[in-house]
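To keep things clear, I will list the structure first and then write my remarks on it.
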Protein chains: 2
Amino acid sequence: MPRNNAHAADARHELAREPALVGLAALGLNDAAGAASLADAVARAYPVRARRELTSEGRPIAEPRMLLRGWAARVRLLPDGRRQFMSFLLPGDLIGMSAQPQPLAAATVIAVTDVVACRPPSIEETPALAGAYALSAALDEAYLLAQITRLGRLNAQERIADLLLELHERLTRNEMAQGNAFDLPLTQEVLADALGLTSVHVNRMVQQARRDGDLQWKGGRVTLADPAALARKIGRTPPRVSGMQGVAVAIVAPSA
Amino acid sequence: MPRNNAHAADARHELAREPALVGLAALGLNDAAGAASLADAVARAYPVRARRELTSEGRPIAEPRMLLRGWAARVRLLPDGRRQFMSFLLPGDLIGMSAQPQPLAAATVIAVTDVVACRPPSIEETPALAGAYALSAALDEAYLLAQITRLGRLNAQERIADLLLELHERLTRNEMAQGNAFDLPLTQEVLADALGLTSVHVNRMVQQARRDGDLQWKGGRVTLADPAALARKIGRTPPRVSGMQGVAVAIVAPSA
DNA sequence: CGCGGGCTTGACAAAGCTCAAGACTTGTGG
DNA sequence: CCACAAGTCTTGAGCTTTGTCAAGCCCGCG
């Protein structure tokens, strides 16, 4: 956990270790000043327990946050109890960064696992981060569009594969994946509520994917047999969001 | 069509007539300077034919746009021909406004009807607009989240009602609705591709909604029998996006 | 008047849901 | 170290919603 008092001199060092900062670096952050103030923000991190809400739908957003460890999710609850996850938030993701003066949360943000978050440097304080923030916002939106396509036009098997590929891609960017494997701290029930399915059907389709040799999933750990082949099989193309050269967004892991 | 050369003196006048500007005004724009430069932008409007692409997915965004007349949509095509509409764009909506230096379009934007668009004043030129732009972006995102919930957790009937209510709400904000009625320039096929359904099923469900007395739909014109009651029936709550007092976002029309 | 796009309808098939029960894990307290 | 409880995962049977295919109709436009 980042609790040590970080100085500018440590900044690069921190950058290299903290998954959140690895992720931001992959978005094109390579500025020492930005790194220093990020390291500073990281030093002021605080924990949040699983199942706690970070923001609640319709209420004012207290302050922006950056997720450092653990998984969170944006979720909406319908009056009759149905639940829809809009997106998952991984280390490095920004929460509630809005240009508006008094933004209201458009969805509840809940900690899926125990989580560590911090208050990110504001753009005013650290203009060097503006680019990374803009890119992060654009990527966020691209993933929302991907979620819409998933729910609207993919069948159950495709939805599962597509989401797992997306998560693998994002975790790889943060160096939180180990080759084709990664930790997936979600129940099938949560996955179902993200994919617009029932947990029973998710279960059946996951088993079929296992039988087809597309993946292994046991004890919270997923291994994709061949991400590139799976992506081809379901016609997935990862989101591209910036035309700037040298910005490594949406890296596809080489097939095994 | 806005072709007359607008001066600052005309600004308020223009504001009162152009649906796009009415919509922006409802987002809290009440600054004379902003209005003048908007009127200026409007004076440089240009038409785009139905079915033409305004931006194409994955390509660089040429320039930001503001829609003034007609309908457009953000759409994604899958390799096998499946199609998903992410959102509909109405007069006053901004297209491709990104803080990024070289943004790529995350989805194709296509003109659904003949359309008139213009280049909106940049924030740098006209800081008075920053607030309205931020609010507009927030509202955009809220509608994306609504679309996700619709596709993930509503059944066919609820999806149709929910989308029609959303459109009615947005058109009302632009004063483009006449009470509970509004023009809907969409085929059932397009609606189906927005709702993640087939056109056959949309057709059946629309007919059922007619039988239930929830709506009329004939010749491109929809009348909702009682929007408030329909919203209650499907448990819909319109998005709220700002805590600023006096910002009239997401007005619900009074029930008939 | 005929053409074409969009709407409507029917019969049937498939995907996904519901309900219900049992098996397996994991963490906890004794 | 064991036994239990709670939460997850798995499986089956039957059902509902939505999709597919195919044909006919309607209406506006050239």
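By convention in this document, chain letters (A, B, ...) are assigned in the order of the sequence lines, proteins followed by strands, and residues within each chain are numbered from 1.
Contacts between residues 183-190 of chain B and DNA chain C, defined by a heavy-atom separation under 4.0 Å, are made by B/T187, B/Q188.
Using modelled atom types, one finds a donor on one side chain and an acceptor on the other under 3.5 Å when comparing A/R150 with A/Q147.
Separating the CD atom of B/E158 from the P atom of D/dT17 is a distance of 11 Å, rounded to the nearest angstrom. A straight line from CG of B/L195 to P of D/dT18 spans 11 Å, rounded to a whole angstrom. Between the CZ atom of A/R82 and the P atom of C/dC17 there is a distance of 12 Å, rounded to whole Å. A straight line from CD of B/Q208 to C1' of C/dT8 spans 15 Å, rounded to a whole angstrom. Here the C1' atom of nucleotide C/dT25 and the CZ atom of A/R221 are 19 Å apart, to the nearest Å. The CG-P distance, from A/D193 to D/dT8, rounds to 12 Å in whole Å. Rounded to an integer number of Å, the gap from CZ of A/R211 to C1' of D/dT10 is 11 Å. Atom-to-atom, CD of B/Q157 to P of D/dT17 comes out at 9 Å; the value is rounded to the nearest Å.
Considering B/I61, B/L67, B/L54 in turn, B/L54 is the only one that fulfils the side chain to side chain contact (heavy atoms under 4.5 Å, CB included) rule with B/V109. Partner B/R236 forms a side chain to side chain donor-acceptor pair (under 3.5 Å) with one of B/E166, B/E169, B/E158 and no other, that one being B/E169.
Within the structure, a side-chain polar atom (N or O) of B/N203 is placed less than 4.0 Å from OP1 or OP2 of C/dT8.
Contact detail for A/A107 and A/V75: the closest heavy-atom pair is CB-O, 3.8 Å. When every heavy atom of A/A50 is checked against every heavy atom of A/D114, the shortest pair comes out as N-OD1, 2.8 Å.
Comment: A/R74 does not engage A/E57 in a salt bridge, judged by the lack of any side-chain N to carboxylate O separation of less than 4.0 angstrom. Taking a cutoff of 4.0 Å between a charged side-chain nitrogen and a carboxylate oxygen, B/D193 and A/R153 qualify as a salt bridge. Salt bridge status for A/E53 with A/R59: absent, with no side-chain N to carboxylate O gap under 4.0 Å.
Within the 4.0 angstrom heavy-atom criterion, only backbone atoms of the sugar-phosphate kind lie near A/R210; the bases stay farther away.
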Under 4.0 Å protein heavy-atom contact, by nucleotide of nucleotides 19-30 of chain D - B base, S sugar-phosphate only: SBB---------
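Taken from CD in B/Q208 to CD in B/Q157, the straight-line distance is 4.0 Å, to the nearest 0.5 Å.
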